[in-house]
Chemist: 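Pasting in a structure now, in structure tokens, and then I'll have a few things to ask.
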Amino acid sequence: MKKRKIERYAPSAIEAMWRDEWARTRAHETPDVSDKPNFYFLTMFPYPSGDIHVGHWYAFAPADCAARYLRMRGHNVLFPMGFDAFGINAENAAIDRKIHPAAWTEKNMAHMRDQFHRMGAAIDWRREVVTCYPEYYRWNQWMFLRLYEKGLAYRGEAPVNWCPRDETVLANEQVIAGRCERCDTPVVKRLMTQWFFKITAYADELLRFDGLDWPERVRVMQTNWIGRSEGAELAFPIEGRPGEEIRFFTTRPDTIYGATFVVLAPEHPLVAKITAPARRADVERYVERARNMTEIERTAAEREKTGVDTGAFARNVFTGERVPVWVADYVLATYGTGAIMAVPAHDERDFAFAQKYGLEIREVISPDGKEHAALDAAYVGEGVMVRSGPFAGTRSEEGKGAVAEEARRRGVGAPAVTYRLRDWLISRQRYWGTPIPIVYCDACGQVPVPYDQLPIVLPRDVEFTGRGGSPLAHVASFVNTTCPRCGKPAKRDTDTMDTFVDSSWYMYRYLDPKIDTAFMNKAVGRRWLPVAQYTGGIEHAILHLLYMRFVCKALRDLGELWFDEPALRLQNQGTIIFGGRKMSKSRGNVQTPDEYVAKYGADTLRLFMMFLGPWTEGADWDASGIEGVHRFLNRVWTLGLSEPGDGPRDRAIDHAVHHTVEKVTEDLAAYRFNTAIAAMMELSNALQHASGPSRREGVRALTLLLAPFAPYLSEELWHRWGQAGSIHAQAWPTFDPALAAPEEVTLVVQVDGKVRDRLTVPAGLSKPAASDAALASPRAKAALDGRDVDRVVVVPDRLVNIVTRRRS
RNA sequence: GCGGGAGUGGCGGAACGGUAGACGCGUAAGCUUCAGGAGCUUAUGUCCGCAAGGACGUGAGGGUUCAAAUCCCUCCUUCCGCACCA
């Protein structure tokens, strides 16, 4: 092969040049109508924290590669990007550094857009969505009002999660192990009046994932989060208080004859009403103490149970007995009705509580059908009902329904279903979010702001002190308004919406972010929706992905959408760990990609992010291997610019090329970027030792395969070869199955499962021929010495295993 | 505690029940270069052996099978989710 001085691979110059060229030719703009089928490829948009860090690259570079691949496969791919731009970090920056959240956010977005450009991401920026702009959040307000009209947005008092550090309430989903999702501060419960979205109305539908290609893991997590339980809701009357009753939910109505006491959560409204005067001081002290505990303290699993007797009694309507009513914080105010019937014989928690306080433990479910005097531990399994009046002798499985029906007949209960899922608390006592479009009027009460007065714009001049309450409450010009109904002075709601509201519908806004007559351009939406592929971090398995599904279904029922699920296919990438923790600005362990981009080029870093391992697994960040992929790109560069030389067609090389096309195609379709890159590396190694037409075609195919991974390098080579147009507009290479199959294979010869020889034989050798070849192997013969052949197992094109027995 | 992943060379990781360790990092030797860097070639699981070759080897132990990293059982470690949900 002729040696010729080849220009060095200089990524920075190449990448800058093509970046400009692609901008000039609007290469990344996607039309809504084309002769190709539309494909909406969505990836979760970032919070504008200031930098596209290595963790972001891990999410976006492979997603961009997948979107580019689908383009080459003949799809008209929409790959938009935007910013989830409201949120508490901007506000904290304002408090700490006296920068207005809007200015801080704008500065960060400008930098991050530039970083996206340098990455080479094929984003259609005409469609950018920024959630903190009034043009966007007015549609949050519109959606709120539509949900309000339907009864799906309501204001109510409930024990809510309060983060003392962020000084705001949090949704259940934002409390991780009793701590604030954002700042890790232990959360406390507070009774507050707040706005909720009625996600529980969709609990059953959210449990169905029909037609969705979503990871099992996410479906399981959402299913568990929703937590559907079947049982009965029953009520015991309160002694001496006609008309008052304690309602509770149970999954074990069959154990009702063992309900020897009742327990209320400390927050239960009946506690104050029914407590006997003599017990009042103790009960109040207990309730007060529970109120001041963090959720972590209250729910510590190993903690000894505590409680106090209210001195009041309820009547077990099945046994007819009076049973004491206790207050204990092991009963959760937020689940079921906030009260339980305690069946100590058949519930571990009730058992521990009854033992500690000397309450009666009465067996009513017997595993063997016999009555036992005392129990060492709660028996929670199924069995036969005993000491259960007319139900004695009934199997517990049947007893559940029978007792519930009997309760219905007597008017003291009914079969019921309860969910762990709570309604979505959307009020936040923060500034940097969407104002809630409600006005409070002394005369008219709670009044929705009319649609034609939207958006309610966030006032710019606000004092950021970081101290108590909603910042908007201190802005007189914002708070004071007139009632839309009666025109008298009134006050605005001063809370803002949870930012997960913003991200629950942004995929619709991308289609036409400028439209000002609707939240979405439906004509465009009909061409793209629902999303064909969604990618993003597994950390959003519950939060964002559940809200997004709920909002889709709610908008559907409002007549605004025509499909049941927002995204048909979901692919989660794993997490990039650095210093033992997820990489994020707020954790202060961010690694910047910029130095690697400067030193090796964006193509190298893109490839490296994808080469770290399986995308779904995440990785510990360690850049020490980046040289390897850089060397590979250097080799491709050299291959691309060197003369292939003369020579005959090389069947082995042709096979390698077609096999690699097949392998990379399969891997990309399944998001196996790491093995696709390994296959391309193998091909480049093989091509270096080839010449002639096989090499020429191989280099061309390799460069096309590489195009979605390394868009700059491949475009430059394409251009230098004098090819017309962009490589990214070319069709994905195809393979000939006949050539992709090998001509010769290595046949492993085993004797009793141990490898004794390797034979190179033509592919497709028949079983008898393979068997004969193996038996003729001198090494196999040597291993067979002194033994008889029992049988021969042949796996065509793979191996021959000669099974022996001792010569008799 | 419950549910779900995952344990493979010095490292990241490959392996339809059929050649364990592809590809890459690192390391070593050699070539090339004025030099720095880079590039190229070869070797590189462990042990025994001068070699040919052999034995062992996928967290531990058992099982199924002609054949197990892969399937089954028990256990250990680790990651993730849920965590007093009645």
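Model, not experiment: these values are computed from the prediction. Naming convention: chains lettered A, B, ... in sequence-line order (proteins, then strands); numbering from 1 in each chain. Side chains are part of it too, since the values below use all heavy atoms of this structure and drop only hydrogens, waters and symmetry mates.
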Chemist: Give one of base, sugar-phosphate or nothing for A/Asn634, where a contact means two heavy atoms less than 4.0 Å apart.
Modeler: nothing

Chemist: What interatomic distance, in whole Å, is found between C1' of B/C25 and the corresponding atom of B/U77?
Modeler: 26 Å

Chemist: Measure the distance from CD1 on A/Ile256 to C1' on B/A86 and round it to the nearest whole Å.
Modeler: 13 Å

Chemist: Indicate yes or no: at least one non-hydrogen side-chain atom of A/Asp329 is less than 4.5 angstrom from one of A/Tyr286.
Modeler: yes

Chemist: Look at all strands and tell whether A/Val803 reaches a base, only sugar-phosphate, or nothing, counting heavy atoms closer than 4.0 Å.
Modeler: sugar-phosphate

Chemist: From the options A/Val323, A/Val263, A/Leu270, select the one residue that forms a side-chain contact (heavy atoms from CB on, under 4.5 Å) with A/Ile246.
Modeler: A/Leu270

Chemist: Rounding to an integer number of Å, can you tell me how far A/Met221 CE sits from B/C79 P?
Modeler: 17 Å

Chemist: From the set B/C25, B/A67, B/C84, return the single nucleotide nearest to any side-chain atom of A/Lys305.
Modeler: B/C84

Chemist: According to a strict under-4.0 Å criterion, is A/Arg252 in side-chain N/O contact with OP1 or OP2 of B/A86?
Modeler: no

Chemist: Among the nucleotides B/C23, B/C84, B/A15, which one has an atom lying closest to any side-chain atom of A/Met681?
Modeler: B/C23

Chemist: Across all strands shown, which nucleotide pairs with B/U77 by Watson-Crick or G-U wobble geometry, both distances under 3.5 Å?
Modeler: B/A6

Chemist: Does atom CZ (A/Arg291) have a neighbourhood of more than 12 heavy atoms from anything else shown, all under 6.0 Å?
Modeler: no

Chemist: Nearest of B/U41, B/A55, B/G13 to any side-chain atom of A/Arg756?
Modeler: B/A55

Chemist: If you compare every side-chain N and O of A/Arg672 against the phosphate oxygens of B/A14 (OP1, OP2), does one of them come in below 4.0 Å?
Modeler: no

Chemist: Among B/A22, B/U41, B/A86, which nucleotide sits nearest the side chain of A/Glu682?
Modeler: B/A22

Chemist: Given the P atoms of B/A22 and B/G61, what is the spacing between them in whole Å?
Modeler: 25 Å

Chemist: Between B/U19, B/G13, B/G54, which nucleotide has the shortest distance from any of its atoms to the side chain of A/Arg758?
Modeler: B/U19

Chemist: Just N and O in the side chain of A/Arg420: are any of them under 4.0 Å from OP1 or OP2 of B/G81?
Modeler: no

Chemist: With a 4.0 Å cutoff (strictly under), does any side-chain N or O of A/Lys754 reach OP1 or OP2 of B/C56?
Modeler: yes

Chemist: Between A/Phe236 and A/Phe248, is the ring centroid distance below 6.0 Å?
Modeler: yes

Chemist: Is A/Arg635 near enough to B/G24 that one of its side-chain N or O atoms lies under 4.0 angstrom from OP1 or OP2?
Modeler: yes

Chemist: Please measure how far the P atom in B/C76 lies from the corresponding atom in B/C23, and state the result in whole Å.
Modeler: 38 Å

Chemist: Given atom CZ of A/Phe632 and atom C1' of B/C25, what is their separation to the nearest angstrom?
Modeler: 16 Å

Chemist: If the C1' atom of B/A6 is compared with that of B/C66, how far apart are they to the nearest Å?
Modeler: 31 Å

Chemist: Can you figure out which of B/C82, B/A22, B/G26 approaches the side chain of A/Ile542 most closely?
Modeler: B/C82

Chemist: Looking for any heavy atom pair under 4.0 Å, which part of the strands does A/Arg8 touch: base, sugar-phosphate only, or nothing?
Modeler: base

Chemist: Could you tell me whether A/Arg791 contacts a base, only the sugar-phosphate backbone, or nothing, with contacts defined as non-hydrogen atoms closer than 4.0 Å?
Modeler: base

Chemist: Tell which nucleotide pairs with B/C34, taking only Watson-Crick or G-U wobble pairs whose two distances are both under 3.5 angstrom.
Modeler: none

Chemist: When you get a sec, tell me which of B/C16, B/C82, B/G13 is the closest nucleotide to the side chain of A/Asn674?
Modeler: B/G13

Chemist: Please report, rounded to the nearest Å, how far the P atom of B/C84 is from the CZ atom of A/Phe249.
Modeler: 17 Å

Chemist: Which part of the nucleic acid, if any, lies within contact of A/Leu799, taking any heavy atom under 4.0 Å across all strands shown: a base, the sugar-phosphate backbone alone, or nothing?
Modeler: base

Chemist: Counting just side-chain N and O atoms, does A/Thr418 come under 4.0 Å of either OP1 or OP2 of B/A86?
Modeler: no

Chemist: Applying the Watson-Crick and G-U wobble criteria at under 3.5 Å, what pairs with B/C11? Answer none if nothing qualifies.
Modeler: B/G24

Chemist: Which of parallel (below 30°), tilted (30 to 60°) and perpendicular (above 60°) describes A/His544 and A/His540?
Modeler: perpendicular

Chemist: For a quick check of understanding: with a heavy-atom distance under 4.0 Å over all strands, which category does A/Arg217 fall into, base, sugar-phosphate or nothing?
Modeler: sugar-phosphate

Chemist: Select base, sugar-phosphate, or nothing to describe what A/Asp350 touches, counting heavy atoms under 4.0 Å on all strands.
Modeler: nothing

Chemist: Which listed nucleotide (B/U41, B/C84, B/G3) is nearest to the side chain of A/Val220?
Modeler: B/G3

Chemist: Work out how far the P atom of B/G7 is from that of B/C16, and round it to whole angstrom.
Modeler: 13 Å

Chemist: What is the distance, rounded to the nearest whole Å, between atom CH2 of A/Trp225 and atom C1' of B/G3?
Modeler: 15 Å

Chemist: Paired with B/A67: which nucleotide, if any, by Watson-Crick or G-U wobble criteria at under 3.5 Å for both distances?
Modeler: none

Chemist: Please tell me whether A/Trp621 and A/Tyr58 form a close aromatic pair, meaning their ring centres lie under 6.0 Å apart.
Modeler: no

Chemist: Let me know, please, whether A/Thr746 or A/Thr250 comes out on the 5' side of the other along RNA chain B by nearest nucleotide.
Modeler: A/Thr746

Chemist: Within 45 degrees of the ring normal and closer than 6.0 Å to the centroid, is that where the cationic atom of A/Arg606 sits relative to A/Trp57?
Modeler: no

Chemist: May I ask you to say what A/Val343 touches in the nucleic acid, namely base, sugar-phosphate or nothing, with a heavy-atom cut-off under 4.0 Å?
Modeler: nothing

Chemist: My understanding is that a pair needs two contacts under 3.5 Å, Watson-Crick or G-U wobble. By that rule, which nucleotide pairs with B/C16?
Modeler: none

Chemist: Write down the distance separating the P atoms in B/G30 and B/A35, rounded off to the nearest Å.
Modeler: 16 Å

Chemist: If pairing requires Watson-Crick or G-U wobble contacts with both distances under 3.5 Å, which nucleotide is the partner of B/G45?
Modeler: B/C56

Chemist: With rounding to whole Å, what would you report as the distance between B/G1 and B/C84 at their C1' atoms?
Modeler: 11 Å

Chemist: Rounding to an integer number of Å, can you tell me how far A/Glu230 CD sits from B/A86 P?
Modeler: 12 Å

Chemist: Taking B/C40 as the reference, what is the distance to B/G49 when you measure between their C1' atoms (whole Å, please)?
Modeler: 33 Å

Chemist: Once ring-ring contact (aromatic ring centres under 6.0 Å, His included) is applied, do any residues pair with A/Tyr257, and if so which ones, sequence neighbours excluded?
Modeler: A/Phe318

Chemist: With sugar-phosphate meaning primed atoms plus P, OP1 and OP2, does A/Thr638 contact a base, only sugar-phosphate, or nothing at under 4.0 Å between heavy atoms?
Modeler: nothing

Chemist: Rounded to the nearest angstrom, tell me the gap between atom CD in A/Gln222 and atom P in B/G3.
Modeler: 21 Å

Chemist: Do A/Lys305 and A/Tyr330 form a cation-pi contact, if we require the NZ or CZ to be under 6.0 Å from the six-membered ring centre and within 45 degrees of the ring's axis?
Modeler: yes

Chemist: Between B/G53, B/C84, B/G12, which one does the side chain of A/Phe611 approach most closely?
Modeler: B/G12

Chemist: With respect to the side chain of A/Asn685, which nucleotide from B/A14, B/C23, B/G18 is positioned closest?
Modeler: B/C23

Chemist: Taking for each residue the nucleotide of RNA chain B with the nearest heavy atom, is it A/Val755 or A/Glu617 whose nucleotide lies nearer the 5' end?
Modeler: A/Glu617

Chemist: What is the distance from CG of A/Asn224 to C1' of B/C2, rounded to the nearest Å?
Modeler: 9 Å

Chemist: Counting the atoms with a prime plus P, OP1 and OP2 as sugar-phosphate, which does A/Lys582 contact under 4.0 Å by heavy atoms, base, sugar-phosphate, or nothing?
Modeler: nothing

Chemist: Within the 4.0 Å heavy-atom criterion, would you say A/Gln750 contacts the bases, only the backbone, or no part of the nucleic acid?
Modeler: base

Chemist: Considering every strand and a 4.0 Å limit on heavy-atom distances, what is the contact class for A/Arg219: base, sugar-phosphate, or nothing?
Modeler: nothing

Chemist: Parallel, tilted or perpendicular: which fits the ring planes of A/Tyr357 and A/Trp326, with parallel below 30° and perpendicular above 60°?
Modeler: tilted

